[in-house]
Number of protein chains: 2
Amino acid sequence: MALRHAVLAALLGEELSGYQLAKAFDLGVANFWHALPQQLYAELTRLEHDGLVSGREVVQDTRPTKRLFTVTDAGLAELERFAATHNKPSFIRDDLLVKVQAADHIAADVLIAKLTERAVFADAKIDLLGGLLRKLRGDMSEEEFLRYGERVGPYLTCLRGIAFEQGNRDWCRRSAAILEQRRTAHARG
Amino acid sequence: MALRHAVLAALLGEELSGYQLAKAFDLGVANFWHALPQQLYAELTRLEHDGLVSGREVVQDTRPTKRLFTVTDAGLAELERFAATHNKPSFIRDDLLVKVQAADHIAADVLIAKLTERAVFADAKIDLLGGLLRKLRGDMSEEEFLRYGERVGPYLTCLRGIAFEQGNRDWCRRSAAILEQRRTAHARG
DNA sequence: GTACACATGTAAGGAGTTACATGATTTG
DNA sequence: CAAATCATGTAACTCCTTACATGTGTAC
């Protein structure tokens with residue numbers, strides 16, 4: 001039951017619908033957790049049932065009726081309790097790494113293409129998250145924001161997301177270059 | 001069914017038992033995938049049934065009988081096919097990040113402790129993986145190994161694992177320092 | 001003689017993914 | 001007029017985790 005805490009954390013300080021939450025979990029919030037819309041709708045229902053969030057219906061004229069959720073005091077207490085529990089180490093689980101692990105036994109060109117593709121994707125995400133950072137800190141400098149700003153939590157997780165993607169990108173580019181070099185050497189030798 | 005490909009990739013170029021594989025997936029191989037022993041035993045049975053690996057019994061006198069597995073030609077073909085499939089983007093899923101996301105609403109000392117703990121863990125893992133790298137490249141330099149060495153696949157995934165843990169460690173230390181600074185300022189002001 | 005390493009699983013339950021379902025409105 | 005956005009779900013299935021089960025040999 002870790003998704004519940006991710007949802008609670010994402011919902012802190014703002015009032016969001018399942019749909020908005022789903023967008024956040026797809027793009028931005030995916031820095032600290034990833035989940036599909038179906039999971040979120042189900043989890044929100046459960047959280048409301050358990051009294052950890054409370055939802056209110058908002059009828060709109062041009063759009064379908066939506067439900068906006070906020071974290072309750074009980075929800076905040078649950079997060080506080082969760083924060084003190086033991087962390088599971090975070091493992092990477094990545095298709096692309098599996099493919100690279102097999103690099104000595106499969107076609108290099110396919111791998112190089114996948115690595116390049118991922119590097120491009122990483123760059124796009126870095127840009128996206130960079131925009132999110134700027135939005136979070138407003139007209140403050142990063143140093144100033146980290147000292148005095150409100151909502152440093154989302155800022156810090158966003159920084160981790162960016163660093164992660166930079167790591168991805170750099171590793172992808174380097175690995176692609178190495179495989180390319182070896183392929184060329186092999187073709188010659 | 002991504003675990004199957006992870007198992008196939010881990011098994012390439014060596015003959016391992018379920019037990020040995022489980023150790024690898026727990027510590028070293030966890031750079032590119034993570035799985036528990038029970039999953040691996042079950043997956044190996046399925047892979048053997050599907051003809052992607054073949055196992056042979058080895059009776060030992062002082063130890064229980066074990067089964068050693070190798071990847072078959074069909075298994076290699078399956079990996080080759082897999083390599084060409086679309087990558088899912090790799091998302092972080094991390095308890096600790098969820099906790100930091102909530103940083104503005106929960107007790108700082110608990111978070112700082114968790115971040116410090118994780119940084120120490122990351123350092124230990126960096127050491128471990130560093131040893132693995134040295135073992136893989138033998139007496140070659142890194143540059144030499146990456147050009148001419150055999151089994152660059154595992155080396156590259158190990159490099160990613162190290163960079164990931166370095167990213168974790170640096171972010172944990174920095175985040176802890178920031179939260180500490182804010183806590184102190186808050187106590188004073 | 002207690003704990004750890006070797007060695008392999010079963011069973012139950014919780015979490016995540018894929019596919020399907022509906023329907024109005026706005027943007028290109 | 002096709003595609004994307006808003007808005008919320010159900011159902012089936014696969015995958016992962018937690019708990020349990022068993023037994024010998026070796027190291028401290």
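Lettering follows sequence order; numbering is per chain, from 1. Atom set for the values below is all heavy atoms of this structure, side chains included, hydrogens, waters and symmetry mates excluded.
To the nearest 0.5 Å, atom CD of residue A:E43 and atom CG of residue A:L52 are 9.5 Å apart.
In the interface, the side chain of B:Q38 is paired with the base of D:dT18 through a donor and an acceptor atom under 3.5 Å apart.
In the helix from C:dG1-D:dC28 to C:dG28-D:dC1, the end axes, each obtained as the rotation axis mapping the C1' atoms of four pairs onto the next four within a five-pair block, lie 60° apart to the nearest 10 degrees.
One interatomic measurement links the two molecules: CG of B:D26 to P of D:dT17, which rounds to 12 Å at whole-angstrom precision. Summarising the geometry, the separation between CG on A:L16 and C1' on D:dT8 is reported as 16 Å, rounded to the nearest angstrom. Rounded to an integer number of Å, the gap from B:L40 CG to D:dC15 P is 14 Å. Distance, B:Y41 OH to D:dC16 P: 18 Å, rounded to whole Å. Between the CD atom of A:Q39 and the P atom of D:dC13 there is a distance of 19 Å, given to the nearest Å. Between the CH2 atom of B:W33 and the C1' atom of D:dC15 there is a distance of 10 Å, given to the nearest Å. As rounded to whole Å, 8 Å separates atom C1' of D:dA4 from atom OH of A:Y19. Look at CG on A:L44: it is 13 Å from C1' on D:dA7, rounded to the nearest Å.
A 6.0 Å sphere centred on CD of B:E143 holds no more than 12 heavy atoms belonging to other residues, nucleotides or ligands.
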Give the table of side-chain donor-acceptor pairs shorter than 3.5 Å for residues 73-80 of chain A, with sequence neighbours excluded, one pair per line with atom names and distance.
| from | atom 1 | to | atom 2 | distance (Å) |
| --- | --- | --- | --- | --- |
| A:E78 | OE1 | A:R81 | NE | 3.2 |
| A:E78 | OE2 | A:H5 | NE2 | 2.8 |
| A:E78 | OE2 | A:R81 | NH2 | 2.7 |
| A:E80 | OE2 | B:A107 | N | 2.9 |

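Looking at heavy-atom distances under 4.0 Å, B:T65 makes contact with sugar-phosphate atoms alone, never a base. Contact annotation for B:R93: backbone-only contact, meaning every heavy-atom pair under 4.0 Å involves sugar-phosphate atoms and none involves a base.
With sequence neighbours excluded, no residue satisfies side chain to side chain contact (heavy atoms under 4.5 Å, CB included) with A:D127. B:Q39 pairs by the side-chain hydrogen bond (donor to acceptor under 3.5 Å, both in side chains) definition with nothing, not counting sequence neighbours. Under the salt bridge (Lys or Arg N to Asp or Glu O under 4.0 Å) criterion, A:E57 pairs with no residue at all, not counting sequence neighbours. Applying the side-chain hydrogen bond (donor to acceptor under 3.5 Å, both in side chains) criterion to B:Q38, with sequence neighbours excluded, gives no partner residue. B:D170 pairs by the side-chain hydrogen bond (donor to acceptor under 3.5 Å, both in side chains) definition with nothing, not counting sequence neighbours.
Heavy-atom nearest nucleotides on DNA chain D were determined for B:R46 and for A:K88, and the one closer to the 5' end corresponds to B:R46. Comparing A:A2 and A:L36 against DNA chain C, the residue whose closest nucleotide sits nearer the 5' end is A:A2. In this structure, A:P64 and A:A35 both approach DNA chain C, and ranking their closest nucleotides by distance from the 5' end singles out A:A35.
On the nucleic acid side, DNA chain C has its first and last nucleotide under 4.0 Å of a heavy atom of chain B at C:dA5 to C:dT18, going 5' to 3'.
Hydrophobic clustering, defined by side-chain heavy atoms of Ile, Leu, Val, Met, Phe, Trp and Tyr closer than 4.5 Å, leaves A:V120 isolated from every other such residue. Other members of the cluster containing A:V58 are A:L68, with ILVMFWY side chains joined at under 4.5 Å, either directly or via other members.
Proximity of residues 55-63 of chain A to DNA chain C (heavy atom under 4.0 angstrom from any strand atom) is restricted to A:T62, A:R63.
Checking side-chain atoms of A:D104 against main-chain N and O of B:G153 turns up a donor-acceptor pair under 3.5 Å.
The side chain to side chain donor-acceptor pair (under 3.5 Å) analysis of residues 150-164 of chain B, with sequence neighbours excluded, yields the pairs A:Q101-B:T157, A:N168-B:R160, B:E14-B:R151, B:R137-B:Y155, B:E142-B:Y155.
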